[in-house]
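Remarks on the structure that follows.
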Amino acid sequence: TVVENPAGNPSSLGYFERDIDAYESSNVLVIAVAPAVAATGQVSVGAVVPVIVTDNSYIAEIANGVVVDAVDDVTVYAQDDAKLMPIAFSASVSSQVAVGGTVQVLLQKTKTIARIGNGARVASRAGSIRVVANSEEFLVNVLASISASSTVSVAAVINVNVTRSETKASIGDNAIVAAYKDVRASAESETFMVAVSVGIAGSGTVAVGAVVNVFVFDRSVIAQVGRGAKITATTGDVIVSAKAKDYSIIVVAGGAVSG
C-alpha cells in the first residue's frame, strides 16, 4: 500500500485517523511422493526432487515528500505471516537392487517494509505516529527415503534450505514527524523452523543410508531514523526498536542394516 507523490510534487492529505497497511498471509503445503516396486525385476529406483522458490515483498509507505496531517493516530504497518510445509518421501523395494532418493531445494526471499519517505511531513495533532514492520514465518520441512532389497540397497536424502528475509521500519532522511503522543519505528521478526530428514536402507548384502543437510539463514531486522530527520513527541516517547526471535529444531537420521 503506497501513498504516492505524483509528479514529484508534495501532496497534502488530511484525516482524523490514517492507517496505511500491507498485510499478507500465505500458506503453502507441498507433498511429493515417489514409490517404486520391482518384485521380480532387477533394479528399482524411487526418486523425488521438489524445488521451491518464493520471492515476496510487502511494503506500506508514505512516499517521499508527502504531507499527512491527522487529528488522531497515523499508522504505517506492514506484516508478513507465512507458513510453508514441504513434505517429500521416496521408497524403493526390489529383489536385487533398490535405490531411494529424496532431494529438496528451498529458496525463500521475503521483504517486509514499513516506511515514511525522505522529506515527508507527518503530523498527528492528538494521537501517535507508528511505523511498524512485522514478519512471522513458520517452516516445517519433512524428508524421508526408504529402500529395501536382497542384494544392494541405497537410501539418500539431500536437503538444501536458503532463506533470506528483511524486516525494516524507517523514517526517511529529512522527514519531519510530529505527534502529540508517541512516535514509534518498530521492526520485529519471528521465525520457527522444524526440519526432519531420514534415510533408511535395508539389504541382505550391502546397505547404505545417507543424509545431507545444508541450511543458510540470513535475517536482517532494522529500525532506523534517517539523516536530518526531525522527530517530536510532545507528551510521549520516541521509540526506535528492532527485535528478532529464531527457533530451530533439526532432526537428522541415517541408517542402514545388512546381513
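One-based numbering along the sequence shown.
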Practice prompt. Decide yes or no for Ile250 and Phe215: does some side-chain heavy atom of the first lie under 4.5 Å from some side-chain heavy atom of the second?
Written response: yes

Practice prompt. State, with a plain yes or no, whether a side-chain heavy atom of Val142 is found less than 4.5 Å away from one of Phe89.
Written response: no

Worksheet item: Under 3.5 Å, is there a donor-acceptor pair linking the side chains of Asn161 and Asn141?
Response: yes

Practice prompt. Answer yes when Arg125 and Asp69 have at least one side-chain N-carboxylate O distance shorter than 4.0 Å, and no when they do not.
Written response: yes

Item to complete: On the 0 to 90° scale, with breaks at 30° and 60°, tag the Phe138-Phe192 ring pair as parallel, tilted or perpendicular.
Response: parallel

Practice prompt. Apply side-chain hydrogen bond (donor to acceptor under 3.5 Å, both in side chains) to the pair Ser147 and Ser153, showing each step before the final yes or no.
Written response: CA-CA 6 Å; Ser147 66; Ser153 178; 2.6 Å; yes

Return yes if some donor-acceptor pair links the side-chain N/O of [X] with the main-chain N/O of [Y] below 3.5 Å, else return no.
X      : Y      : result
Thr102 : Ala144 : yes
Asp173 : Asn118 : no
Ser90  : Gly101 : yes
Thr235 : Tyr180 : yes

Item to complete: Find the distance between CD (Glu136) and OG1 (Thr112) and round it off to the nearest 0.5 Å.
Response: 10.0 Å

Item to complete: State plainly whether one hydrophobic cluster holds both Val252 and Leu139, where clusters connect Ile, Leu, Val, Met, Phe, Trp and Tyr through side-chain heavy atoms under 4.5 angstrom apart.
Response: yes

Item to complete: Give a yes or no on this: more than 12 heavy atoms of other residues, nucleotides or ligands lie within 6.0 Å of atom CZ of Arg219.
Response: yes

